[in-house]
Number of protein chains: 2
Amino acid sequence: MLAAQGKTNISSSAIADIIGTNAWQIRKDFSYFGAFGKPGSGYDIDKLSKQISKILKINKGHKVALIGVGNLGSAVLAYKGFANYGFDLVVAFDSDPKRIGKKLGEVTIENISKINSLKKRNITVAILAVPESAAQQVTDTLVKTGIKGILNFSPCYLQVPKSVRIITIDIAIDLARLPYYIG
Amino acid sequence: MLAAQGKTNISSSAIADIIGTNAWQIRKDFSYFGAFGKPGSGYDIDKLSKQISKILKINKGHKVALIGVGNLGSAVLAYKGFANYGFDLVVAFDSDPKRIGKKLGEVTIENISKINSLKKRNITVAILAVPESAAQQVTDTLVKTGIKGILNFSPCYLQVPKSVRIITIDIAIDLARLPYYIG
DNA sequence: TTGTGTGAAAGTTTTCACAGCA
DNA sequence: TGCTGTGAAAACTTTCACACAA
């Protein structure tokens with residue numbers, strides 16, 4: 001965002017203002033990963049961005065598969081922000097024959113029965129946007145095909161081995177965080 | 001979930017197993033809000049659920065408006081989980097004439113120009129699912145009509161007065177949390 | 001002058017361990 | 001016996017304040 005604004009460096013206090021914290025918090029946090037700021041001018045935005053990508057391990061690029069191309073899956077396919085974080089959405093799967101074979105943007109929708117091709121294609125991350133009733137079964141298949149991380153949009157707990165990381169987004173739970181502050 | 005399984009009580013260690021933490025963490029956390037467990041049998045699920053709703057202030061019911069009925073908004077409309085958290089999605093707005101007037105489930109899609117009726121209707125929470133380009137402008141209108149909390153699906157920072165609470169869900173950022181653990 | 005990096009202090013959270021209740 | 005609630009200890013995080021680099 002800062003690079004797009006044509007800026008080349010930024011101070012810890014300016015970062016703090018943007019994300020709503022304090023300058024010393026920013027400096028302390030960065031310092032745990034090494035000293036990459038310059039007294040007087042602050043942090044080089046390009047260098048900082050690369051450092052953070054490295055810390056989060058999103059610098060090598062990750063191929064992503066989308067499972068389920070309903071309304072939510074279609075919204076995911078239309079989303080343009082993945083490249084910013086080193087992701088490449090390369091394939092989508094669905095079980096509906098009306099959808100299979102269609103091409104949305106760069107991505108062709110394949111039959112969900114082909115899901116075990118993920119290992120061969122070196123895809124380690126999946127976005128799960130299937131109905132809740134199918135979520136656990138699809139997850140089991142994903143685990144078998146060697147998936148390492150799942151972004152899950154079903155409002156349910158998924159059972160997976162400890163080696164697989166799941167992040168669940170449940171709209172209602174996020175919404176439920178608001179009333180506490182609204183009073 | 002536990003109630004649906006027909007259970008009436010649960011121990012701190014069983015809760016801990018489900019959500020992946022320790023028994024003493026559960027007990028300590030609950031104890032800050034008062035002592036509502038019973039030695040020997042644990043926590044009464046119904047009582048616990050009501051206590052948590054009260055703590056989070058989701059026990060009085062909140063009317064919710066959806067802004068934007070594209071793919072993502074449609075997915076939100078199809079979602080059945082809001083009632084569990086005391087929310088009632090009562091209205092949706094869109095700017096597309098093809099969508100205005102249609103009824104999806106219980107909700108009729110209204111013209112986005114009618115958005116200032118929210119105050120009159122006593123709606124304090126909104127889900128924002130409009131294109132990024134419209135997000136800030138719609139947010140300004142929402143703020144004017146007295147909205148107190150926004151669940152924002154646009155991948156951007158929204159400027160609002162301090163009295164308005166925003167929770168932003170950016171799929172790419174959530175996805176970016178996975179590679180660190182995948183290695 | 002502006003603004004980093006960092007020891008040390010203050011503050012908070014997590015963990016432990018156990019008295020005591022159903 | 002099974003399980004809670006909670007003081008006290010340990011661990012961790014945040015804040016401060018300042019030496020020093022560009």
Side-chain angles (χ1 to χ4, degrees), chain A residues 1-57 59 157 162 165-168 173-174 176-177 180-181, chain B residues 1-57 59 157 162 165-168 173-174 176-177 180-181:
Chain A
M1 185 191 83
L2 291 164
Q5 286 172 21
K7 294 191 180 168
T8 60
N9 32 234
I10 186 169
S11 70
S12 55
S13 60
I15 297 174
D17 287 347
I18 294 170
I19 68 168
T21 181
N22 324 286
W24 56 80
Q25 187 68 272
I26 297 288
R27 294 204 302 276
K28 189 63 138 185
D29 283 3
F30 287 171
S31 80
Y32 286 115
F33 298 100
F36 33 85
K38 265 192 191 162
S41 63
Y43 299 87
D44 180 277
I45 285 167
D46 185 55
K47 199 174 155 191
L48 182 58
S49 166
K50 287 195 175 106
Q51 285 282 354
I52 294 174
S53 292
K54 210 170 151 190
I55 293 165
L56 298 176
K57 300 190 195 168
N59 57 331
Y157 288 100
K162 275 207 202 87
R165 192 86 191 183
I166 296 213
I167 289 178
T168 294
I173 288 182
D174 282 312
R177 293 163 54 198
Y180 180 82
Y181 299 98
Chain B
M1 184 191 81
L2 292 164
Q5 286 171 22
K7 295 192 177 164
T8 59
N9 34 234
I10 187 169
S11 71
S12 56
S13 61
I15 297 174
D17 287 347
I18 293 170
I19 67 167
T21 183
N22 321 287
W24 56 82
Q25 187 69 272
I26 298 287
R27 294 204 301 275
K28 190 62 137 186
D29 283 3
F30 287 171
S31 79
Y32 286 115
F33 299 101
F36 36 84
K38 264 193 192 161
S41 62
Y43 299 87
D44 181 277
I45 286 167
D46 185 56
K47 199 173 156 192
L48 182 59
S49 166
K50 286 195 175 108
Q51 285 281 356
I52 294 174
S53 292
K54 208 170 153 191
I55 293 165
L56 298 176
K57 300 190 193 168
N59 57 332
Y157 288 99
K162 274 207 203 84
R165 193 86 190 182
I166 296 211
I167 289 179
T168 294
I173 287 182
D174 282 313
R177 292 163 54 199
Y180 181 82
Y181 299 99

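Remember, predicted model here, so these are calculated numbers, not experimental data. Lettering follows sequence order; numbering is per chain, from 1.
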Inset, instruction - Give, ordered by number, those residues of residues 5-14 of chain A having at least one heavy-atom distance below 4.0 Å to an atom of DNA chain C; if nothing qualifies, reply none. - result: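 Output list: A/Ser11, A/Ser12.
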
Inset, instruction - Would you jot down, in residue-number order, the residues of residues 33-52 of chain B having a non-hydrogen atom under 4.0 Å from DNA chain C? - result: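 Output list: B/Pro39.
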
Legend entry - Close side-chain approach of B/Ile26 and B/Ile19, heavy atoms under 4.5 Å: yes

Inset, instruction - Answer yes or no: is there a side-chain heavy-atom contact under 4.5 Å between A/Ser53 and A/Lys50? - result: no

Legend entry - Which atom of A/Ala23 lies closest to which atom of A/Ala16, heavy atoms considered: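 Looks like N-CB, 3.6 Å.
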
Inset, instruction - Could you pull out the closest heavy-atom pair between B/Lys47 and B/Asp44, with the gap in Å? - result: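 In terms of heavy atoms, the two residues are closest at N-OD1, 2.9 Å.
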
Inset, instruction - For B/Ser41 and B/Lys38, run side-chain contact (heavy atoms from CB on, under 4.5 Å): C-alpha distance rounded to whole Å, both residues' side-chain angles, the deciding distance at 0.1 Å, then the answer. - result: CA-CA 6 Å; B/Ser41 62; B/Lys38 264 193 192 161; 3.5 Å; yes

Inset, instruction - Look at the side-chain N and O atoms of A/Gln25 and state whether any lies under 4.0 Å from the OP1 or OP2 oxygen of D/dT13. - result: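 False: A/Gln25 side-chain N/O out of range (4.0 Å or more) of D/dT13 OP1/OP2.
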
Without decimals, in angstroms, what is the distance between [X] [atom1] and [N] [atom2]?
X: B/Phe30; N: D/dC3; atom1: CZ; atom2: C1'; answer: 14 Å
X: A/Lys28; N: D/dT13; atom1: NZ; atom2: P; answer: 12 Å
X: A/Trp24; N: D/dT13; atom1: CH2; atom2: C1'; answer: 14 Å
X: B/Asp29; N: D/dT4; atom1: CG; atom2: P; answer: 14 Å

Inset, instruction - To the nearest 0.5 angstrom, please state how far the CG atom of B/Asn9 sits from the OH atom of B/Tyr43. - result: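 So the CG of B/Asn9 and the OH of B/Tyr43 are separated by 12.0 Å.
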
Inset, instruction - Anything under 30° is parallel, anything over 60° is perpendicular, the rest tilted; go ahead and classify A/Phe30 against A/Phe36. - result: tilted

Inset, instruction - Ignoring the backbone of B/Arg27, work out which of D/dT4, D/dT15, D/dC18 is nearest its side chain. - result: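 The closest nucleotide is D/dT4.
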
Legend entry - Chi angles and distances behind the side-chain contact (heavy atoms from CB on, under 4.5 Å) call for A/Leu2, A/Ile10: CA-CA 9 Å; A/Leu2 291 164; A/Ile10 186 169; 3.6 Å; yes

Legend entry - Range on DNA chain C touched by chain A - first to last nucleotide, heavy-atom distance under 4.0 Å: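 In short, chain A contacts DNA chain C from C/dT2 to C/dA8.
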
Inset, instruction - Check the surroundings of atom NZ in B/Lys57: do more than 12 heavy atoms from other residues, nucleotides or ligands lie under 6.0 Å from it? - result: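 Yes, the 6.0 Å shell around NZ holds more than 12 heavy atoms from other groups.
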
Inset, instruction - Please indicate whether A/Tyr180 has more than 12 foreign heavy atoms, meaning atoms of other residues, nucleotides or ligands, lying under 6.0 Å from its OH. - result: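 No, the 6.0 Å shell around OH holds no more than 12 heavy atoms from other groups.
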
Inset, instruction - Give the C-alpha distance, both sets of side-chain angles, the deciding distance and a yes or no for side-chain contact (heavy atoms from CB on, under 4.5 Å) between A/Thr21 and A/Ile15. - result: CA-CA 8 Å; A/Thr21 181; A/Ile15 297 174; over 6 Å; no

